[in-house]
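Counting starts at 1 for both ligands and their atoms, in listed order.
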Amino acid sequence: MKIALFGQYYQNNTEAIVTKVIEVLNNYNIELVIEEQFYTIISKILKSDYKTFSNHEELDSSFEALISVGGDGTILRAVTYVRDKKIPIVGINAGRLGFLATVQYDNIEELLPKVIAKDYLISKRSLLSLRCEPRNPDLVDLNFALNEISVSRKDTTSMITIETSLNGEYLNSYWADGLIISTPTGSTGYSLSCGGPVLMPDVNSLVITPIAPHNLNARPLVITDDTEIQLKVSGREEQYLVSLDSRITSVTNETTLFIKKTPFQINMIEFQEEGFAKTIRKKLLWGEDRRN
Ligand SMILES: NC(=O)c1ccc[n+]([C@@H]2O[C@H](COP(=O)([O-])OP(=O)(O)OC[C@H]3O[C@@H](n4cnc5c(N)ncnc54)[C@H](O)[C@@H]3O)[C@@H](O)[C@H]2O)c1
Ligand SMILES: Nc1ncnc2c1ncn2[C@@H]1O[C@H](COP(=O)(O)OP(=O)(O)OP(=O)(O)O)[C@@H](O)[C@H]1O
């Protein structure tokens with residue numbers, strides 16, 4: 001059995017986490033294949049040599065899982081390796097919030113054997129893809145997002161106007177700092193900070209959330225996830241920013257954006273004892289209100 005390991009940083013707890021992961025996998029004779037740059041930064045703590053991978057083409061369905069060591073940002077990056085290959089992803093939280101990275105250091109010994117035994121649930125996560133007209137060379141390869149695709153103003157304090165249509169039907173022109181098109185997974189990220197609703201991860205919906213809209217009646221809107229969203233941005237500056245999760249690029253005002261669900265989903269490993277409801281209580285602190 002083969003498992004991939006991915007991370008981006010080496011900090012205080014990296015050694016403890018990686019050592020524990022290797023110890024558990026060794027006990028089960030699992031072949032570990034480590035992402036090349038992560039391998040370089042953790043090589044000083046490794047006691048043997050490992051095979052590496054350096055791009056998405058080197059991962060395939062022969063991998064039983066990918067372990068991401070870090071925070072949510074690291075999981076978002078891990079997704080760019082996994083893409084449509086269906087390799088289940090499990091995140092060990094070495095960061096701050098770790099909303100998507102649900103395994104804590106103390107649970108590694110208990111939960112990793114469950115990954116090996118496939119004793120887990122798969123939470124299927126939808127993603128968004130972006131098509132630009134005219135074509136944008138920056139957005140040819142990595143044109144998908146697990147959390148959200150957003151547009152926002154660039155090099156100006158002026159608002160932008162985002163003319164928005166759904167399946168070709170005009171919806172609204174948002175006059176705002178920007179607009180977020182969020183997946184259910186992303187609903188607890190940027191969209192939530194801008195007043196959007198929390199969606200359960202498996203609902204077939206997307207959320208359109210304006211960022212600081214000056215049309216005060218503009219509110220976050222939940223739409224079905226088979227909708228194609230078309231955006232046309234105008235503003236004082238020639239360019240605006242488009243983000244796909246943590247990645248960002250500049251786009252000119254003449255560009256029309258078409259956003260829709262990708263044909264593939266990401267398989268997130270979910271343990272019975274660490275479901276979404278528990279994550280909301282723990283990480284969004286819903287459980288802290290003890291009045292009832
Ligand atoms: N004002 C905001 O809340 C804001 C602004 C920009 C980006 N973001 C989020 O950050 C993501 C990019 O992550 P990064 O690490 O590059 O940026 P970052 O370093 O600014 O971290 C963003 C924070 O958002 C949290 N986060 C990310 N995805 C989440 C999710 N699905 N549910 C709950 N929390 C989540 C992370 O744990 C982290 O604490 C974006 O996809 C976006 O959702 C949030
Ligand atoms: N492999 C790692 N080992 C130790 N610490 C890490 C590792 N990866 C990430 N961290 C710590 O977590 C921080 C955040 O990591 P990352 O960018 O993956 O997540 P994030 O998007 O900021 O989300 P979160 O709030 O969940 O940490 C890093 O700055 C670092 O302090």
**Report entry** Selected option - heavy-atom contact closest to atom 15 (O) of ligand 2, from Gly7, Gly71, Ala94
**Finding:** Gly71

Query raised in the report: With a cut-off of 4.0 Å, which atoms of ligand 1 are near a heavy atom of Thr185?
Result: 30 (C), 31 (N)

Query raised in the report: Protein heavy-atom contact under 4.0 Å for atom 42 (C) of ligand 1?
Result: yes

Requested in this report: Check each heavy atom of Asn13 against ligand 2 and say whether those closer than 4.0 Å belong to the side chain, the backbone, both or neither.
Outcome: side chain

Query raised in the report: Between Ser150 and Ser243, does any side-chain donor sit less than 3.5 Å from a side-chain acceptor?
Result: yes

Requested in this report: Using only heavy-atom distances, determine whether the side chains of Arg77 and Thr74 contain a donor-acceptor pair under 3.5 Å.
Outcome: no

Query raised in the report: Is the closest protein non-hydrogen atom to atom 26 (N) of ligand 1 under 4.0 Å?
Result: yes

Query raised in the report: At a 4.0 Å threshold, what atoms of ligand 1 neighbour a non-hydrogen atom of Gly73?
Result: 15 (O)

Query raised in the report: Would atom 22 (C) of ligand 1 count as contacted, meaning some protein heavy atom under 4.0 Å?
Result: no

Query raised in the report: Based purely on interatomic distance, does Asp72 place a nitrogen or oxygen under 3.5 Å from a nitrogen or oxygen of ligand 2?
Result: yes

Query raised in the report: Which ligand 1 atoms are under 4.0 Å away from a heavy-atom of Ser193?
Result: 1 (N), 2 (C), 3 (O)

Query raised in the report: Any N or O of Phe99 that comes nearer than 3.5 Å to an N or O of ligand 2?
Result: no

Report task. Please say whether Leu97 places an N or O atom under 3.5 Å from an N or O atom belonging to ligand 2. Result -> yes

Query raised in the report: Would you say the side-chain atoms of Thr227 and Thr224 include a donor-acceptor pair closer than 3.5 Å?
Result: yes

Query raised in the report: Is Lys114 salt-bridged to Glu273, going by a charged N under 4.0 Å from an acidic O?
Result: yes

Report task. Mind checking side chain to side chain donor-acceptor pair (under 3.5 Å) for Glu23 and listing every partner two or more places apart, or none if nothing turns up? Result -> none

Query raised in the report: Would you say Thr74 and ligand 2 have an N/O pair spaced under 3.5 Å apart?
Result: yes

Query raised in the report: Hey, is ligand 2 close enough to Gly70 that some N/O pair sits below 3.5 Å?
Result: no

Report summary line: atom 10 (O) of ligand 1: closest protein heavy atom, distance to 0.1 Å, is Asn147 ND2, 5.0 Å

Report task. Scan the protein's non-hydrogen atoms and note whether one is under 4.0 Å from atom 17 (O) of ligand 1. Result -> no

**Report entry** Taking every non-hydrogen atom, the tightest pair across Tyr28 and Pro113
**Finding:** OH-CB, 3.3 Å

Query raised in the report: Between Arg153 and Glu237, is there a salt bridge with N-O shorter than 4.0 Å?
Result: no

Query raised in the report: Among all protein non-hydrogen atoms, which one is nearest to atom 36 (C) of ligand 1, and what is the separation to 0.1 Å?
Result: Asp72 OD2, 3.4 Å

Query raised in the report: Hey, mind stepping through Arg236 and Thr156 against side-chain hydrogen bond (donor to acceptor under 3.5 Å, both in side chains) and telling me if it holds?
Result: CA-CA 8 Å; Arg236 290 225 177 108; Thr156 177; 5.7 Å; no

Query raised in the report: So is Gln8 polar-close to ligand 2, meaning N/O to N/O under 3.5 Å?
Result: no

Report summary line: salt bridge (Lys or Arg N to Asp or Glu O under 4.0 Å) with Asp225: of Lys260, Lys124, Lys261, Arg125, only one passes, and it is Lys261

Report summary line: Closest to atom 8 (N) of ligand 1 among protein heavy atoms sits Tyr190 CB, 3.8 Å

Requested in this report: List every atom of ligand 1 that sits less than 4.0 Å from any heavy atom of Glu148, numbering the atoms from 1 in the order shown and giving each element.
Outcome: 40 (C), 41 (O), 42 (C), 43 (O)

